[in-house]
Amino acid sequence: MSNSDQSYFDSEEEIQEQENNPELIKTNEIVEDSDSDSDSEDDVPISQRRTKLNSTTSSISDATLINDKINSHSSSSSDSDSDQPLSKRMPNNNSSQKILDPKKRKIKKESKTTATNESSDSEDDIALSKRRKTTPLKKVKKEIKTEIKKEIETEIKREIKREIKTEEPKKATKRTRVKKEEDDEKPSKKKKTTAKVKEEKVSKKKKKEEEEDEVFRWWDNEKEDDSIKWTTLEHQGPYFPPEYVSHGIKMKYKGEPIDLVPECEEVANFYAQVIGTDWGENPTFRKNFFKDFLKVIKKKQPNCPIKKFEDCDFTPLTEYFTEQKEKRKAMTKEEKEVIKKEKQEIEDKYGWALLDERKEKVGNFRIEPPGLFRGRGEHPKTGTLKYRVYPESVTINIGKNAKIPEPPEGHKWGKIIHDNTVTWLAMWKENVNDSFKYVWLAAGSSLKGQSDFKKFEKARELKKHIGKIREEYTLELKDKLMATRQRATALYFIDKLALRAGNEKGDDVADTVGCCSLRYEHVTLEPPNRVIFDFLGKDSIRYYNEVEVSKQVYKNIEIFKRAPKKEGDMLFDRLNTTILNKYLQKSMKGLTAKVFRTYNASYTFQEELKKTVKNSTMNEKLLAYNRANRQVAILCNHQRAVSKNHSDQLKRIQDKILTSKYQRYLVSKEMLELDPTLKKKKPELGRLSRGITKEFIKSYEEKELEKKKAKLERDNEKRKIDGKELLTLEDMEKAKRQPSMERLQKQYDTLSKRIKAQQVLLIDKDENKATALGTSKINYIDPRISAAWCYKYDVPIEKIFNKSLRNKFKWAVEVDENFVF
DNA sequence: GTAAAGACTTGGAATAATATTG
DNA sequence: CAATATTATTCCAAGTCTTTAC
């Protein structure tokens with residue numbers, strides 16, 4: 001970071017500086033006379049302050065507005081409001097960002113939507129309370145285990161004979177679970193099971209035990225000291241990617257095919273595979289790649305004529321890889337099966353570790369293959385060649401008495417250590433940024449689970465201190481000492497806006513900042529009390545937020561930005577994360593800046609969840625959940641690029657809605673024909689919704705006609721075979737029987753329901769276009785809040801936690817519905 | 001006390017797997 | 001049943017924060 005600011009802010013004490021450094025006098029004057037300021041705003045209770053802040057924050061307030069709208073919408077079940085253009089109702093925060101963003105971000109291929117399950121609302125057939133209480137025994141005895149296994153086996157043998165013999169009980173469990181989900185809620189077309197319901201129910205309980213009997217229930221007895229992570233540790237070491245094998249395809253240089261030794265060819269491949277993506281166009285990427293390409297050439301093939309990037313033609317290679325991709329896609333089932341099996345074998349061997357005699361899953365047991373470094377944002381090293389890692393540079397961490405895994409043939413391990421104060425199994429140093437890479441246990445492992453648990457407990461601990469901390473920093477906002485004042489202001493932002501701490505970074509990485517590393521140009525003031533943040537945060541994701549702050553904070557920023565400070569200078573020149581965290585430790589043991597993010601995320605989530613309507617449908621509950629999740633994601637600024645075809649997707653759904661509406665209109669017209677008096681009772685009948693234009697009707701009718709014709713053709717085909725006479729469209733019309741009022745009403749209701757569901761989906765999808773929910777769900781929201789919510793509102797946990805989340809959070813799902821974060 | 005090393009969490013994108021649709 | 005859409009998983013970069021070295 002620039003140290004220029006350092007030159008005029010050298011000493012610690014304000015008073016000293018005032019004497020020694022004339023440039024600071026102005027600043028100090030303000031600091032002193034601002035002593036008299038009082039900040040009435042900060043006297044407002046914390047809980048209210050947050051909402052207050054939200055309502056003044058553009059992005060958040062927009063979202064809240066939508067919330068209100070949707071809530072009223074879903075409860076009143078009127079669909080008219082959806083006719084309003086969606087864009088108006090959405091927080092346009094992101095779109096403006098995209099335009100303003102000086103650094104181009106990659107465009108994503110595809111958008112993801114929230115998991116708004118279009119499933120029926122029927123509840124699980126087992127009472128939730130009961131299911132929860134089937135807490136398994138701590139250690140199920142071997143005999144019981146095999147007994148259960150047998151039972152399951154007999155139960156599902158019929159359909160999955162093959163699998164059950166070769167696979168772990170895990171697989172069987174999965175099966176039953178799928179089945180369960182099906183009969184629970186999914187009106188899924190797939191009904192692959194013929195097993196009897198009774199059997200299933202029995203299996204459910206057994207399965208539960210079976211599933212957890214091997215689980216180490218560390219959360220039952222917490223241990224205080226966790227500096228020792230394990231006593232025994234066995235594993236197979238990491239898995240190395242296969243050596244490069246030449247494909248014999250030649251790239252061209254100056255139009256001529258050129259021979260490359262495998263080492264060079266491999267590097268050329270890396271670039272060839274990036275052509276057609278943004279990386280291929282990125283000048284820094286190209287430059288770095290080519291520099292390293294030349295380096296490899298010089299070393300491995302000095303007589304190679306390649307000198308200039310412009311004369312290189314990688315397209316033959318690119319084509320080859322496209323071809324390969326297609327081939328892979330076109331593989332037969334059997335071929336795919338073989339590959340899958342090989343993959344499974346590797347996983348079986350390397351994917352597990354024995355930690356204190358317990359089998360635990362290894363997360364990333366694969367050594368990263370060589371390639372071109374894909375640094376994000378404007379990373380100066382993007383495109384740099386990442387070397388192949390050999391065992392010689394890998395350190396193995398393993399138990400003293402454990403068998404040391406065999407390194408790949410002809411190789412030796414770099415180092416073997418037995419450090420039980422760390423959790424990694426293997427480690428190596430990567431060449432691009434000189435950083436370490438580790439092999440760790442998976443997210444569902446006990447070690448990870450324990451620290452996850454600790455993290456949330458720490459955040460809950462903060463809850464006890466937050467009042468005092470807020471009081472203190474509010475006071476310190478007016479402190480005479482510049483350093484203190486900066487610290488307080490920074491903390492205010494970290495607390496209110498969930499900013500990251502903001503460590504200082506070198507200049508060989510992308511220029512991104514967090515709170516402590518904010519610079520002059522990242523914060524602008526707008527009288528009377530608006531602060532505009534605009535900077536690139538982690539992963540070069542833009543943070544843009546307009547916030548109304550207290551007078552004191554506004555004033556402070558004004559002071560911190562005062563000349564001679566200019567663009568490029570640190571806003572908080574007296575502060576860094578070490579100072580801040582040291583201060584925080586005083587308020588609470590182990591407190592650091594990041595805990596605020598966890599705390600505020602979980603707390604916000606819990607508060608937002610209170611908006612769930614008790615007796616709403618499953619879809620509505622899930623929408624409420626997602627919405628709470630989304631508020632947290634917005635708070636934490638978890639973004640994703642809007643997919644290219646997002647608007648197409650919306651249009652398609654809107655079209656579906658219109659179609660349904662039109663169909664409903666047609667039905668209602670028939671109803672009126674049957675009973676004209678209905679119009680009085682239900683004036684909405686026979687009314688055409690807005691948005692249904694003549695063009696729409698025309699295209700709809702055309703499509704319908706097409707369908708009818710197609711059906712007719714099919715029918716006639718059959719009739720031909722049967723020797724019956726052929727029909728015409730008119731015949732078909734005639735054949736339709738006159739529907740009864742009852743039938744029509746039913747149709748009408750079905751369509752209404754469908755429309756509503758589609759609209760919920762539409763809103764959810766659009767609200768979500770630029771927000772990534774995953775990160776907050778995985779890392780910031782205490783899973784116990786989610787679990788408690790599920791129990792309280794009778795939502796099966798599977799609806800909100802997928803398999804890996806359930807596994808990761810298995811320590812959390814045992815809370816009762818009264819859990820409070 | 002400061003910088004570098006080290007270990008761990010957090011983050012979005014890429015890719016694989018699965019579900020839905022035409 | 002193939003094409004497409006959606007969701008889950010994997011990948012690995014980029015943060016935070018602690019410890020160690022000087």
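Side chains included, hydrogens not; waters and symmetry mates left out as well; all remaining heavy atoms used. Lettering of chains follows the sequences in order, A, B, ..., and the numbering in each one begins at 1.
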- [ ] Between A/Lys582 and A/Thr423, just flag the one whose closest nucleotide in DNA chain B comes earlier from the 5' side.
- [x]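 Its nearest nucleotide lies further toward 5', so the answer is A/Lys582.
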TODO: Please figure out whether A/Arg597 or A/Lys429 has its closest DNA chain B nucleotide nearer the 5' end.
DONE: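 Final value for this comparison: A/Lys429.
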Open item on the list: Regarding A/Asn503, tell me which of base, sugar-phosphate or nothing describes its non-hydrogen contacts under 4.0 Å with the strands shown.
Closed with: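 Since a base atom lies under 4.0 Å of A/Asn503, the category is base.
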Among the nucleotides [options], which one has an atom lying closest to any side-chain atom of [X]?
X: A/Ser804; options: B/dG12, C/dT9, C/dA14; answer: C/dT9
X: A/Lys594; options: B/dA7, C/dT16, C/dA14; answer: C/dT16
X: A/Arg328; options: B/dA16, B/dT10, C/dA13; answer: B/dA16
X: A/Lys437; options: C/dC17, B/dC8, C/dA13; answer: C/dA13
X: A/Lys343; options: C/dC12, C/dC11, B/dA16; answer: B/dA16
X: A/Pro369; options: C/dC12, B/dT9, C/dC17; answer: C/dC12
X: A/Phe436; options: B/dG11, B/dA5, B/dA16; answer: B/dA5
X: A/Trp424; options: B/dC8, C/dC17, B/dG11; answer: B/dC8
X: A/Ile541; options: B/dG12, B/dT9, C/dT18; answer: B/dG12
X: A/Arg366; options: B/dT10, C/dC11, C/dT16; answer: C/dC11

Task: Option from A/Val795, A/Leu805, A/Ile800 for which side-chain contact (heavy atoms from CB on, under 4.5 Å) with A/Ser786 holds - done: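 Of the listed residues A/Val795, A/Leu805, A/Ile800, the side-chain contact (heavy atoms from CB on, under 4.5 Å) partner of A/Ser786 is A/Ile800.
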Open item on the list: Check for me whether A/Arg487 meets the cation-pi criterion with A/Tyr583, that is, NZ or CZ under 6.0 Å from the six-membered ring centre and within 45 degrees of the ring axis.
Closed with: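 Satisfied, under 6.0 Å and within 45°.
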